[in-house]
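Just passing along the structure, written as structure tokens.
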Amino acid sequence: MPGLKRPVLPDCGLKDLNDALHDLHRRAGRPSTRDLAKLIGPAVASKSRVYDAFSSDRLPSWGLIQVLAEALCESVPGSDFPAEEQRLHRLWLGATGADKDHAPSSKLSADQTISSEINEPAPVLALRIEWARPSDLSVGMRRALRYMVTDALRDIGYGETGPHRLDMSAGSVISVDSGREDPGLTTATVLSALEDSLRGSGIPGGYGGSTLRVLAHLGPYARPAAPDRAAQTVAELDELWRHQHTQRLFEDDQSVSAILAARLLDLDRYDPFKVDWVHAHIPLFRIDRGPQDLGDYKVWVSTRSALTSRQVGDTPPF
């Protein structure tokens, strides 16, 4: 199994720590992040948080490094966990003081390090899930989508009802704090849950063959952010949904047609379903405060057929 992705780091204390962690991972047989998350316990760290400990350019908390080291040492014949723990802790302390761009001062404790990471408000992940042609479906079929959304919410650890959910006649809107879990993983889980529900419907082509459309937004992108960041992000999602260019990007020949904000898809880590992904952009322009060009909103679009007459370049613009 190949090793985990390494972040691009200058020569510094954080790079020394990261190299040591990857070396221990190699000696342990390169277990997957899923296996490591199971070993240390899902209540301790999710698969995405384990991945970030190896592949992010941010300093992991000491508590996470400690439990990962213990789990890895169990697979290294003749390993000396106390010695590995002491070595990694020395490197971790060096990283906290040697690279101020990536870590707080070495005077801070591990608990304070975790607190400093969450002082900055996390972006809000908002998803709109809706039938492409709800008027063509029966009332029962339209209601079925609410059950599908409920199952998807359970898969990402949220309840059936609450401020994180808004139901409409043809679909639903979900908004969650992305600081709780990697938003890319959350988005992939929701998409996979929807695909699974459609496959389990027992109806060829899903529910009546109608396309399910999903738009995932990570916001707010407007500055300054409003006090209610979730409400602002949902309002931006609504703007994006109604944009004529967005509607042209949706595919009608697949069971789930998805458009994801650029930051929400990393094919090296998550591939929600087996389709091709192409990059595109949605031009943003607002007139409520005078003509204002907000630039291009970069997205990934799921497709099973080649795109034609769309604003797609040869290489991703991000």
Side-chain angles (χ1 to χ4, degrees), residues 123-134 142 145-146 148-149 152-153 155-156 158 164-178 182-195 197-198 206-207 210-222 229-267 270-273 275-286 294-304 307 310-312 316 318:
V124 176
L125 172 62
L127 300 97
R128 182 161 175 169
I129 307 160
E130 188 170 305
W131 291 117
R133 301 180 301 278
R142 278 183 278 146
L145 179 55
R146 297 183 185 178
M148 295 165 60
V149 171
L153 281 169
D155 283 353
I156 62 173
Y158 283 83
H164 56 273
R165 177 176 183 169
L166 172 64
D167 287 325
M168 303 169 293
S169 59
S172 300
V173 171
I174 298 171
S175 59
V176 297
D177 181 357
S178 69
D182 185 323
L185 175 58
T186 302
T187 304
T189 302
V190 170
L191 292 176
S192 297
L194 294 172
E195 281 276 11
S197 293
L198 286 170
Y207 284 95
S210 181
T211 297
L212 196 59
R213 294 180 172 180
V214 179
L215 176 63
H217 168 49
L218 198 60
Y221 56 66
R229 294 167 57 84
Q232 182 176 346
T233 301
V234 170
E236 292 172 354
L237 178 73
D238 185 63
E239 275 186 27
L240 289 166
W241 182 272
R242 296 174 186 275
H243 200 294
Q244 60 180 359
H245 195 73
T246 303
Q247 294 302 313
R248 288 200 300 268
L249 287 173
F250 278 122
E251 290 277 356
D252 288 330
D253 63 346
Q254 55 183 298
S255 55
V256 178
S257 176
I259 300 176
L260 313 182
R263 291 183 290 167
L264 291 175
L265 184 64
D266 183 344
L267 292 176
Y270 316 124
D271 189 359
F273 37 77
V275 298
D276 293 325
W277 292 92
V278 295
H279 58 274
H281 65 265
I282 302 169
L284 298 179
F285 190 82
R286 71 183 343 158
L294 298 180
D296 291 333
Y297 186 82
K298 301 178 181 70
V299 296
W300 286 103
V301 183
S302 66
T303 179
R304 287 194 173 94
L307 290 183
R310 291 185 185 161
Q311 301 184 39
V312 179
F318 38 88

Report summary line: Taking every heavy atom of A126 against every heavy atom of T233, the minimum-distance pair comes out as CB-CG2, 3.8 Å
Query - Sub-4.5 Å side-chain heavy-atom contact between W241 and R213 - result: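 Result yes, sub-4.5 Å side-chain heavy-atom pair found.
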Query raised in the report: Which distance, rounded to the nearest 0.5 Å, do you find between the CG of L218 and the CG of L237?
Result: 11.5 Å
Report task. Answer yes or no: is there a side-chain heavy-atom contact under 4.5 Å between L212 and L145? Result -> yes
Report summary line: Minimal heavy-atom distance between P123 and S178, with the atoms involved, is O-OG, 2.6 Å
**Report entry** Residues in side-chain contact (heavy atoms from CB on, under 4.5 Å) contact with A261, at least two apart in sequence or another chain
**Finding:** L264, Y297
Query raised in the report: Distance-only, no hydrogens or angles: does the E130 side chain make a donor-acceptor pair with backbone N or O of V214 under 3.5 Å?
Result: no
Report summary line: To the nearest 0.5 Å, atom OG1 of T187 lies from atom CG of L125 at 4.5 Å
Anything under 3.5 Å between a donor and an acceptor, one on a side chain of residues 164-173, the other on a protein residue two or more places apart or in another chain? List them.
| residue | atom | partner | partner atom | Å |
| --- | --- | --- | --- | --- |
| H164 | NE2 | G159 | O | 2.9 |
| R165 | NE | D167 | OD1 | 3.0 |
| R165 | NE | D167 | OD2 | 3.3 |
| R165 | NH1 | T150 | OG1 | 2.8 |
| R165 | NH1 | E160 | O | 3.1 |
| R165 | NH2 | R146 | O | 2.9 |
| R165 | NH2 | D167 | OD1 | 3.3 |
| D167 | OD1 | S172 | OG | 2.5 |

Requested in this report: Taking all heavy atoms of H243 and all of P283, pick out the closest pair and write down the distance.
Outcome: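 What the structure gives for the nearest pair is NE2-O, 2.7 Å.
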**Report entry** For V190, the option from V149, L153, I129 that meets side chain to side chain contact (heavy atoms under 4.5 Å, CB included)
**Finding:** I129
**Report entry** Interatomic distance, L215 atom CG to I282 atom CD1 [nearest 0.5 angstrom]
**Finding:** 6.5 Å
Query raised in the report: Taking H279 for the side chain and K298 for the main chain, is one N or O donor matched with an acceptor at less than 3.5 Å?
Result: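 No.
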Report summary line: Those residues at least two apart in sequence (or on a different chain) that pass side-chain hydrogen bond (donor to acceptor under 3.5 Å, both in side chains) with D238 are R128, R242
Query raised in the report: What distance separates I259 CD1 from L240 CG, expressed to the nearest 0.5 Å?
Result: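 One gets 9.5 Å once the value is rounded to the nearest 0.5 Å.
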Query raised in the report: Which atoms form the tightest heavy-atom contact between V124 and S175, and what is the distance?
Result: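 Residues V124 and S175, closest heavy atoms: CG1-CB, 4.2 Å.
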Query raised in the report: Atom OG in S302, atom CG in L260: separation rounded to 0.5 Å?
Result: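 Reported value, rounded in 0.5 Å steps: 7.0 Å.
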Query raised in the report: Would you say T189's side chain and I156's backbone share a donor-acceptor pair under 3.5 angstrom?
Result: no
Query raised in the report: So how far is it from T186 OG1 to L127 CG, rounded to the nearest 0.5 Å?
Result: 8.5 Å
Query raised in the report: Considering only heavy atoms from C-beta outward, does the side chain of Q244 approach that of R248 to under 4.5 Å?
Result: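 The answer is yes, as the side chains (C-beta and beyond) meet within the 4.5 Å cut-off.
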